[in-house]
Number of protein chains: 2
Amino acid sequence: MSVIEAIYEKCFTSEDSLLSLLTNEQNDYVRHNHTSLHYKKNDVLYKDGDVPTGLFILAEGKVKIFREGVGHRDQIVRMIKPYGLMGYRALFANETHITSAVAIEESTVIVIKKGDLLKLIHENSKFALGIINSLAANLGFSELRTVTLTQKHIRGRLAESIIFLKDTYGYEKDNCTLNVYLSREDIANLSNMTTSNAIRTLSAFAEEGVISLSGKKIRIENAEKLNKISTMG
Amino acid sequence: MSVIEAIYEKCFTSEDSLLSLLTNEQNDYVRHNHTSLHYKKNDVLYKDGDVPTGLFILAEGKVKIFREGVGHRDQIVRMIKPYGLMGYRALFANETHITSAVAIEESTVIVIKKGDLLKLIHENSKFALGIINSLAANLGFSELRTVTLTQKHIRGRLAESIIFLKDTYGYEKDNCTLNVYLSREDIANLSNMTTSNAIRTLSAFAEEGVISLSGKKIRIENAEKLNKISTMG
DNA sequence: ACTAAAATGTGTTTTTTAACACTATTTTTA
DNA sequence: TAAAAATAGTGTTAAAAAACACATTTTAGT
């Protein structure tokens, strides 16, 4: 099995994946009834206003979900890691998309179209509960985020974003470099601040020995201090 | 049938209520297997940190869902109207509550306990889809709200909150008075601003003829202008 | 009805952060 | 590989909104 095939396979079998909740029969059905899409860095998966077509499951890569707000300023509202779900919120709410999804690195996606998805939910209550669990977790994240983005000061917001990126994508082998590479602008859009302030505050953290920077690489040097900044503001 | 009984009955039959998706048999089951709770203004339904016990359906009244943030400043993240669901997000995410729910006026709630709820979902995929639809709608609201609360300026945020209250609770018989009475502090907590600024900005809107104020009564005098303030900032 | 407490309202000061203007560096691409 | 474009970085100014300090009014409890 090639590397690509192995990754693809895990999307159907990993217990982290929603698809692992399918019956053998359903699993088989989906294997023969889905679309597989490949995206390069900066490619658009869907955009604000589009009609949702189905459930997107990220097999490999990283995706940002954001909404354009006042004066072309984007707010990143979610970040997707492998086995994460996308494009289903609008579908289930019977709305058009209110956010856009863009690959931040090369990504592979499995798409299950609306009709098939509803069939799976109808047949399999465990699968339905998996969807419910995912939406509930997302809603919790969004509500927590609303509070911190509105109430914490710049340093607290940035520290929290760095911790969020660590929790979502983890470290590289060295156990301290964030396993995700974002532009300063994306970091700003995640943290509700201007790009200038993201740059400035990252530099301040580096100066204080909390993190260290080298291009887009961010290393957490003092996790405790970072937590404190995130919590205390 | 008394007024109370009629309200209660509608919760099981109104097509706006999730319970209308139940089969006759299930409907009957729930009628005999639920708790009915009554709350006075300012009573706590559940609070941040509590273990979720079941699905709360608001039969009558109004409830605010909020989270205490930095320095005891609350952020209201949802407002519930009759037939609205509460307390189910944490339950489905297998978490403790991350928000608190407090009645803003006398309220009646129907509680379906976790076991029964899971049984209903297992048996009835339409009901499951109803839950999914509700979570998806809430998530959309939360994501939109995150963007406006972080990006709009005070006037835009307050205007949007007033429109939100109108959309949620509607007008009184006069067709222009908001059918909900909030303290200035609650309005501030809904709009991410200090109480002083909520008071000041409400006065400014009244001065400009956009709204008129009389105690906790808010009348929309110029909906078009209000929309413009909300949209343009 | 009377008092204490809570909520509302207003002016001033201070803090935070965006906006702006620009340089330097890195990355694309022609 | 040189030019152009995009990204990163820095200092300064301006705007927005919080914090603070009170006065006034309304509400709740005895």
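We name chains A, B, ... by the order of the sequence lines, and we start the count at 1 in each one.
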Under-4.0 Å salt bridge between Arg67(B) and Asp74(B):
no

Looking at side-chain heavy atoms only, is the closest gap between Arg78(A) and Glu143(B) below 4.5 Å?
yes

Quick one: which residue pairs count as a salt bridge (charged side-chain N to carboxylate O under 4.0 Å, His left out) with a foot in residues 162-191 of chain B, not counting sequence neighbours?
Lys64(B)-Asp186(B)

Based on Watson-Crick and G-U pairs with both distances under 3.5 Å, what dot-bracket line describes DNA chain C 5' to 3', crossing pairs as [ ] and inter-strand pairs as |?
||||||||||||||||||||||||||||||

Tyr169(A) six-ring centre to Lys62(A) NZ/CZ under 6.0 Å and within 45° of normal:
yes

Under a 4.0 Å N-O cut-off, is there an ion pair linking Lys41(B) with Glu106(B)?
no

Any residue in residues 152-161 of chain A with a heavy atom nearer than 4.0 angstrom to DNA chain C? Just list them by number, or reply none.
His153(A), Ile154(A), Arg157(A)

DNA chain D: 5'-most and 3'-most nucleotides touching chain B, 4.0 angstrom heavy-atom criterion:
dA16(D) to dC20(D)

Rounded to whole Å, CD of Glu185(A) lies from P of dA18(C) at a distance of 14 Å

Contact class for Asn192(B) (heavy atom, under 4.0 Å): base, sugar-phosphate, or nothing?
sugar-phosphate

Going by side chain to side chain contact (heavy atoms under 4.5 Å, CB included), name the residues that satisfy it together with Asn133(A), two or more places apart in sequence or in a different chain.
Asn94(B)

Just checking Phe12(A) against His34(A), ring centres under 6.0 Å apart?
yes

Glu160(A) with Arg145(A): basic N within carboxylate O range, under 4.0 Å
yes

Considering only nitrogen or oxygen atoms on both sides, find all protein atoms under 3.5 Å from nucleotides 9-11 of chain C and state each distance.
from    : atom 1 : to        : atom 2 : distance (Å)
dG9(C)  : OP2    : Arg184(B) : NE     : 2.9
dG9(C)  : OP2    : Arg184(B) : NH2    : 3.3
dT10(C) : O4     : Ser196(B) : OG     : 3.4
dG11(C) : N7     : Arg200(B) : NH1    : 3.0
dG11(C) : O6     : Arg200(B) : NH2    : 3.1

Would you compute the distance between atom CE of Met86(A) and atom CG of Leu58(A) and round it to the nearest 0.5 angstrom?
4.5 Å

Do His38(B) and Tyr8(B) make the cut of ring centroids closer than 6.0 angstrom?
no

Just wondering, do Glu208(A) and Ser203(A) contact through their side chains at under 4.5 Å, heavy atoms?
no

When you measure from the centre of the six-membered ring of Phe205(B), is the NZ or CZ of Arg200(B) under 6.0 Å away and within 45° of the axis?
no

Ignoring hydrogens and geometry, is there a side-chain-to-backbone donor-acceptor pair from Ser14(B) to Asp16(B) under 3.5 Å?
yes

Separation of Lys216(B) atom NZ from dT8(C) atom C1', in whole Å?
8 Å

